[in-house]
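Report on the following structure.
Just so it is clear, the structure is predicted and the values come from calculations on it, not from any experiment. Every chain is numbered from 1 and lettered A, B, ... according to where its sequence line falls, protein lines coming before strand lines.
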Number of protein chains: 6
Amino acid sequence: MNVAALASLALDEDWGHRDLTTEACIGAEVVGTGFIRARKDLVVSGHSFARAIFAEVGRRLGSEIAYTEIVPEGTSVAKGADVARIEGSARGILIGERPALNGLMKLSGIATHVGAYTRHLGDSKLRVVDTRKTTPLWRALEKAAVRHGGGHNHRFALYDGAMVKDNHIVAAGGIAEAVSAVKAGTHHLVKVEVEVDRVDQIPAAIAAGADVLLLDNMDDDTLEQAIAVARGIDPRVVLEASGNVTPERIAGIVARGLDLDVISSGGLIHQATWIDLGLDMVDA
Amino acid sequence: MNVAALASLALDEDWGHRDLTTEACIGAEVVGTGFIRARKDLVVSGHSFARAIFAEVGRRLGSEIAYTEIVPEGTSVAKGADVARIEGSARGILIGERPALNGLMKLSGIATHVGAYTRHLGDSKLRVVDTRKTTPLWRALEKAAVRHGGGHNHRFALYDGAMVKDNHIVAAGGIAEAVSAVKAGTHHLVKVEVEVDRVDQIPAAIAAGADVLLLDNMDDDTLEQAIAVARGIDPRVVLEASGNVTPERIAGIVARGLDLDVISSGGLIHQATWIDLGLDMVDA
Amino acid sequence: MNVAALASLALDEDWGHRDLTTEACIGAEVVGTGFIRARKDLVVSGHSFARAIFAEVGRRLGSEIAYTEIVPEGTSVAKGADVARIEGSARGILIGERPALNGLMKLSGIATHVGAYTRHLGDSKLRVVDTRKTTPLWRALEKAAVRHGGGHNHRFALYDGAMVKDNHIVAAGGIAEAVSAVKAGTHHLVKVEVEVDRVDQIPAAIAAGADVLLLDNMDDDTLEQAIAVARGIDPRVVLEASGNVTPERIAGIVARGLDLDVISSGGLIHQATWIDLGLDMVDA
Amino acid sequence: MNVAALASLALDEDWGHRDLTTEACIGAEVVGTGFIRARKDLVVSGHSFARAIFAEVGRRLGSEIAYTEIVPEGTSVAKGADVARIEGSARGILIGERPALNGLMKLSGIATHVGAYTRHLGDSKLRVVDTRKTTPLWRALEKAAVRHGGGHNHRFALYDGAMVKDNHIVAAGGIAEAVSAVKAGTHHLVKVEVEVDRVDQIPAAIAAGADVLLLDNMDDDTLEQAIAVARGIDPRVVLEASGNVTPERIAGIVARGLDLDVISSGGLIHQATWIDLGLDMVDA
Amino acid sequence: MNVAALASLALDEDWGHRDLTTEACIGAEVVGTGFIRARKDLVVSGHSFARAIFAEVGRRLGSEIAYTEIVPEGTSVAKGADVARIEGSARGILIGERPALNGLMKLSGIATHVGAYTRHLGDSKLRVVDTRKTTPLWRALEKAAVRHGGGHNHRFALYDGAMVKDNHIVAAGGIAEAVSAVKAGTHHLVKVEVEVDRVDQIPAAIAAGADVLLLDNMDDDTLEQAIAVARGIDPRVVLEASGNVTPERIAGIVARGLDLDVISSGGLIHQATWIDLGLDMVDA
Amino acid sequence: MNVAALASLALDEDWGHRDLTTEACIGAEVVGTGFIRARKDLVVSGHSFARAIFAEVGRRLGSEIAYTEIVPEGTSVAKGADVARIEGSARGILIGERPALNGLMKLSGIATHVGAYTRHLGDSKLRVVDTRKTTPLWRALEKAAVRHGGGHNHRFALYDGAMVKDNHIVAAGGIAEAVSAVKAGTHHLVKVEVEVDRVDQIPAAIAAGADVLLLDNMDDDTLEQAIAVARGIDPRVVLEASGNVTPERIAGIVARGLDLDVISSGGLIHQATWIDLGLDMVDA
């Protein structure tokens with residue numbers, strides 16, 4: 001779903017056939033200016049959604065509303081900072097206010113939250129990445145928010161990366177069979193990742209052709225062994241750890257110097273809460 | 001957006017044109033059974049979304065998948081409990097797993113979180129309600145999750161309740177003018193709420209015809225005065241407090257016996273994080 | 001369905017892939033001006049739909065078409081009056097003509113028809129309102145036309161007002177049970193209406209918590225008794241009469257001074273026929 | 001728009017996210033039976049829409065609802081007759097009741113109204129047909145209702161028949177140029193109609209290649225001359241009269257034996273009002 | 001499906017949530033100019049689609065992109081010719097390049113291919129037409145490409161022309177019954193075509209009221225007899241031949257002077273391959 | 001666009017509001033059986049589309065139609081072979097016939113055409129792959145047809161593989177900058193391909209981090225040098241050749257033993273024409 005379509009559906013949901021209050025109190029010809037302001041220290045994300053909201057409100061009212069970014073996405077701002085300016089129909093600004101802020105608060109919440117995970121990375125090559133645990137219909141924006149917050153992404157969906165898990169291996173009749181079946185039908189710009197939860201599974205996974213290993217739910221000592229085994233076989237295989245990832249644990253892994261490429265955690269997105277932004281109208 | 005349409009878009013997002021892994025490893029004819037299980041103590045919400053996901057996966061595969069609720073929405077279960085059973089195409093169960101769980105984890109997270117606010121109510125008549133701060137396109141399901149968690153809802157959208165705020169009053173030329181303009185065009189099953197942030201605004205708001213007063217950002221002492229003033233003029237006016245609502249504050253308001261009808265907080269929804277559920281396949 | 005989407009579907013229906021006549025006879029570069037004119041005395045309604053039609057035609061042709069309201073919605077005009085001006089692609093004006101006029105004729109027909117019901121109200125506080133008997137997909141515009149004609153609206157849909165009828169009472173196990181079940185899940189800006197068709201049902205309905213009573217299919221004498229009983233219990237309960245509503249009957253009720261708040265009739269909308277408007281092209 | 005899509009949008013409009021009353025009072029597991037009954041003498045039309053409504057309600061509830069036609073479309077029934085039976089979820093039957101009846105009342109209203117025009121035809125070959133003056137998004141169903149009522153249709157839209165009017169002739173530079181331009185781009189199963197409002201235009205129109213003549217706004221004497229001229233040139237040209245068509249005038253034209261093929265009137269559809277049908281639940 | 005909707009879906013397909021390469025390498029503020037150039041001699045078709053692609057890319061980026069036709073559709077150009085100019089966001093031009101070219105290559109391929117069939121017509125009245133064998137969702141554009149290439153169209157779909165084939169005749173109980181059933185429900189601007197594959201079927205088809213005869217799979221001698229029989233009964237009946245149509249055969253039919261009106265072949269569209277066009281960026 | 005949505009739009013296009021012929025001639029209650037038969041030797045592709053067509057026709061008619069695959073996709077069959085069986089409403093089978101066959105003919109045409117490219121591969125590891133030159137909205141099905149024909153796919157779209165071309169390198173300020181910018185924002189399951197058209201560009205491309213090299217428009221001698229250079233630096237880099245790919249050239253490359261991984265050609269899809277299949281009804 002592209003962001004214009006998402007914004008249009010958001011307005012169907014919140015505006016529907018009529019704003020009982022605003023359409024009664026404010027004339028169609030009144031114009032105004034509003035500022036979106038940070039009510040907390042935060043990292044900005046969500047401009048593309050907010051812009052699409054006001055563009056669609058303007059289109060439906062037949063009266064253009066301008067949305068100007070003051071602070072680009074991915075920027076940290078202090079409480080009180082102006083983040084965007086909105087100019088046009090006063091009626092339209094109030095109608096779009098809530099959906100636009102809902103997107104900005106949600107996405108800036110994620111971008112800000114991600115910093116807790118990435119601040120311990122120092123100059124490590126390690127990437128902290130999200131997962132497919134995202135709010136349905138919001139994945140593209142949530143994953144962009146992760147990038148705005150300094151994180152990286154995992155595959156977007158079932159179609160842009162292959163991930164062989166236990167059920168697949170059982171159904172295919174073995175790890176070699178599974179990886180081979182996947183590679184046969186998959187294009188040459190996509191890698192195949194294999195999930196392992198024991199160190200002794202690693203040689204077979206690499207032999208089967210895994211480009212990436214998901215080291216799942218291993219403690220740090222086990223990770224260390226797993227890394228040693230994998231690097232010993234093929235130093236280029238990409239190593240990803242997941243399970244029980246907290247900011248503290250990331251700090252520990254960095255301190256210990258574990259030679260991982262990627263740590264993944266759904267919590268980057270699903271443990272973030274919204275962060276407060278507001279819209280203030282100013283005199284014309 | 002009805003839940004079937006939401007589920008269909010969720011599958012477009014996550015499944016798209018192809019599951020590179022599952023469609024390669026698992027034959028179209030293989031059937032299986034899976035159980036959705038709580039991985040934490042939680043209150044269940046999200047069956048309607050999960051059911052719609054598997055119905056749509058089945059429709060696209062041309063092979064029906066049955067989703068059976070084991071625990072109804074609104075029920076508290078302990079970690080480990082089976083929440084739903086899914087039977088049918090193994091391929092389809094794995095394809096629908098992630099979107100279905102994303103919905104269940106998000107919505108059960110809200111239902112469970114709401115309990116923190118409502119557990120202090122005792123037998124008070126007070127309602128704790130949500131706001132319009134909801135994830136765009138997810139409002140109906142998020143507000144249902146609030147009800148599953150023991151909370152109540154505020155108006156759904158701009159069209160099923162009128163809320164007169166400062167900008168409306170200024171534009172209309174006064175509180176009486178604003179309320180009167182709104183009532184003129186609003187049907188007789190919908191009430192008009194007026195936001196006040198000072199006690200001295202209350203008499204004019206009630207005189208203007210407000211059915212409900214939003215007592216915004218008042219501390220408990222001010223609330224007590226506001227309630228006394230309002231009840232003195234019209235004991236039937238509905239009194240709602242909002243701003244800085246925490247579970248602790250609710251406990252205090254109940255303990256103090258403040259004669260409010262409603263406390264509203266966006267945090268019921270936007271400060272909830274996801275709670276863990278998983279899907280386990282069983283042998284056929 | 002928002003009005004832009006409705007207009008787009010209307011053009012899919014009438015224009016489809018090609019206007020066999022206009023696209024053959026009139027060059028893409030020809031511009032023109034047209035006036036929409038009343039061919040009868042009428043009350044104007046439908047500008048938002050007509051504007052959306054020409055906006056969408058212009059968008060599809062890649063050539064903007066301006067729609068200017070000459071007479072605002074809700075205004076009575078005499079036969080021959082210019083209602084709107086359209087400027088731009090001559091091809092586009094002719095392509096949009098029929099769908100735009102279909103909307104204007106239908107909606108102005110309703111706005112004009114409503115006057116027959118409201119002209120007897122004098123300075124009575126009584127509201128004449130519509131019902132949910134509306135053309136599917138046209139409800140928002142038809143209900144706006146009722147307001148343009150001087151009427152008021154009833155609830156919009158199943159979600160912005162509760163109406164307890166016989167089947168609900170039977171299923172819930174009694175009137176108190178039904179009202180209580182509805183109130184438990186309904187937000188505090190929405191009222192609950194209970195349908196009664198006998199005077200002796202009124203005390204229980206009010207006791208159950210009805211905010212509004214629908215006095216259904218009662219003759220004027222029965223209405224008088226019903227009003228007396230209801231007002232005696234609670235003077236604030238909103239009283240609505242419905243069934244066999246004609247303009248003449250409204251005149252009688254006003255003359256008799258029955259203390260009702262609302263009279264509802266689906267006929268405001270479904271007994272209206274279209275009223276004639278046409279489009280005349282003028283020389284460039 | 002196909003009828004399933006239309007029904008789905010109708011339910012989005014009327015049901016939306018929730019039926020506040022029915023979902024509170026009636027359990028999801030309760031089943032029932034309802035009958036749709038004529039409350040007036042009428043000609044039935046609208047089954048396809050009503051069936052699609054209940055199919056979609058059932059799909060959304062995950063519980064099939066059966067809609068059985070008792071009387072086929074196009075049949076005259078007396079007040080009190082059962083027209084259709086609906087069996088399944090009681091909740092679903094009540095939710096679908098209003099949209100389904102709205103479609104049936106509207107379309108049966110048209111089918112019944114058409115009879116006033118066709119009853120004077122006797123065994124004349126004359127067809128009474130509708131026009132493109134139809135409710136946007138309802139054209140296919142309204143035109144089917146005209147057929148159910150014994151009438152015939154004119155072209156459906158701009159793409160399935162060519163109609164050369166004054167503006168086209170002026171723009172093309174003459175009637176021969178206009179007809180020729182249209183024929184050049186139009187396929188060989190579609191005819192070209194030319195509108196004339198004076199008898200002296202007829203020879204040129206036929207010479208230009210018109211397959212059909214629209215004799216617009218002529219009185220009966222002028223029609224008689226026009227027919228004589230046209231038939232004298234080419235007895236096969238199809239002759240259609242329009243303008244000021246009433247049932248009485250049709251009777252007069254038939255009595256006078258005017259050799260027309262078609263009389264067209266938008267009033268078949270846009271002067272029809274709804275006719276009453278209701279839904280009665282029976283004991284399970 | 002209108003062309004704007006088609007273009008939007010094409011961008012969902014190819015652009016989706018992100019262009020991994022272009023969005024990383026080229027700033028949002030960079031503008032550029034590109035030319036679409038013929039890489040072969042060809043007949044141009046597809047501007048409406050390409051324009052819609054860049055309009056939608058611009059809308060999504062919030063930055064208008066201008067598409068200017070240099071050579072109109074239906075024009076033959078030599079290899080190397082500039083066909084259109086695109087100005088605006090460099091990012092947007094690269095994002096829209098592939099979908100726009102895919103449409104232009106496909107449609108110009110058809111327009112060019114059609115010339116092979118029409119070049120033998122000389123000044124014959126004969127039309128070479130396409131069929132309903134078209135790429136689903138592309139019919140309007142493919143049929144326009146046939147016209148751009150000098151061909152004509154057959155009916156667009158099942159709703160704008162009637163075609164009685166063997167299965168219909170068997171089901172209706174005879175050719176007269178079939179044609180009569182079709183005519184009863186079909187409007188007076190649409191013709192009825194009857195398929196015959198033997199000369200002896202012709203008299204009955206014409207007697208039944210066929211406006212057009214489809215002479216299916218006859219060799220040239222049989223066609224000659226069929227034409228003689230049909231013209232002898234009614235010289236106005238439209239005669240269409242189909243089956244095994246090649247450019248060479250058309251040349252033969254024209255040389256032989258067979259008095260046909262129409263030759264139809266799905267191959268105009270489905271035997272066309274794409275023809276090469278490219279986009280070259282120029283310095284700003 | 002999922003295949004069910006594609007099929008629904010295809011029916012809107014071809015069936016629209018009415019099949020003038022079939023709905024008049026064949027009763028709604030008549031059932032039948034049809035077989036889809038190969039009219040040429042071919043490789044089958046398109047069942048998922050055809051099945052979706054008949055499923056949707058059945059849904060709209062309220063009468064299920066069963067589609068049974070007789071020959072699975074990817075199978076070569078001889079002229080005359082039965083490919084699928086369709087059972088249910090005779091009306092529905094005829095309505096769905098043309099769209100279903102259009103999909104099958106188009107896709108089987110591609111699957112069959114691909115064989116011309118792959119038949120020369122012998123036991124080479126070389127993959128012949130398609131490109132993004134596909135019919136908009138048909139990409140998933142066309143790329144599946146390539147697999148059914150024995151070919152492989154290139155990336156699906158702009159979002160599941162990165163391809164750095166000349167314009168990107170210029171805009172980013174160099175090849176290292178471009179690759180690095182892309183890698184920074186791209187997830188770890190997606191590879192980055194760099195296009196080179198001269199051998200001397202190869203070392204820099206590999207040094208920049210290219211996972212895949214596109215050797216564009218090189219003759220076989222140049223390819224040989226390019227391969228030697230690239231393999232000398234990093235034997236694991238994936239090597240793809242494109243430009244002027246014909247079946248004959250593939251044969252030559254295989255014979256010469258060039259150590260490529262992939263040869264890509266848009267012609268697999270866009271130079272394929274449709275291959276003939278038909279539907280034959282059998283007696284009930």
Side-chain angles (χ1 to χ4, degrees), chain D residues 1-9 46-60 64-69 72-74 84-86 88 100 107 130 132 134-148 152-161 187 189-191, chain F residues 1-31 48-67 86 88-103 137-138:
Chain D
M1 164 145 330
N2 64 70
V3 72
L6 185 69
S8 181
L9 289 167
H47 279 320
S48 67
F49 180 74
R51 187 189 306 112
I53 284 287
F54 289 107
E56 178 67 11
V57 171
R59 195 174 77 92
R60 294 193 189 178
E64 214 163 297
I65 300 176
Y67 182 91
T68 308
E69 301 180 17
E73 294 180 308
R85 184 175 61 247
I86 309 159
L107 296 169
D130 52 32
R132 282 170 49 240
T134 60
T135 309
L137 277 66
W138 279 87
R139 183 169 288 167
L141 292 170
E142 290 182 338
K143 283 186 170 261
V146 168
R147 298 195 303 274
H148 294 145
H152 285 81
N153 299 142
H154 207 307
R155 66 172 172 166
F156 190 81
L158 295 171
Y159 48 75
D160 68 336
H187 68 74
L189 296 197
V190 164
K191 297 180 182 174
Chain F
M1 165 145 331
N2 64 70
V3 72
L6 186 69
S8 182
L9 289 167
L11 287 167
D12 289 345
E13 180 183 71
D14 193 43
W15 186 12
H17 58 95
R18 204 172 163 213
D19 178 342
L20 296 177
T21 320
T22 302
E23 297 177 33
C25 293
I26 304 185
E29 73 297 343
V30 181
V31 295
S48 66
F49 179 74
R51 188 190 306 111
I53 285 286
F54 289 107
E56 178 68 11
V57 171
R59 196 174 76 91
R60 294 192 188 178
L61 293 178
S63 165
E64 214 163 298
I65 300 175
Y67 181 92
I86 309 159
S89 158
R91 195 184 263 193
I93 294 174
L94 292 185
I95 287 169
E97 170 183 4
R98 178 52 42 218
L101 287 177
N102 284 351
L137 279 64
W138 279 87

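- In this structure, chain F has a heavy atom under 4.5 Å from the side chain of D:Phe156, while its backbone stays farther away.
- One finds the CZ atom of F:Arg18 at 3.5 Å from the CZ atom of D:Arg147 (value rounded to the nearest 0.5 Å).
- For chain F, the nearby part of D:Ala4 is the side chain; its heavy atoms alone come within less than 4.5 Å.
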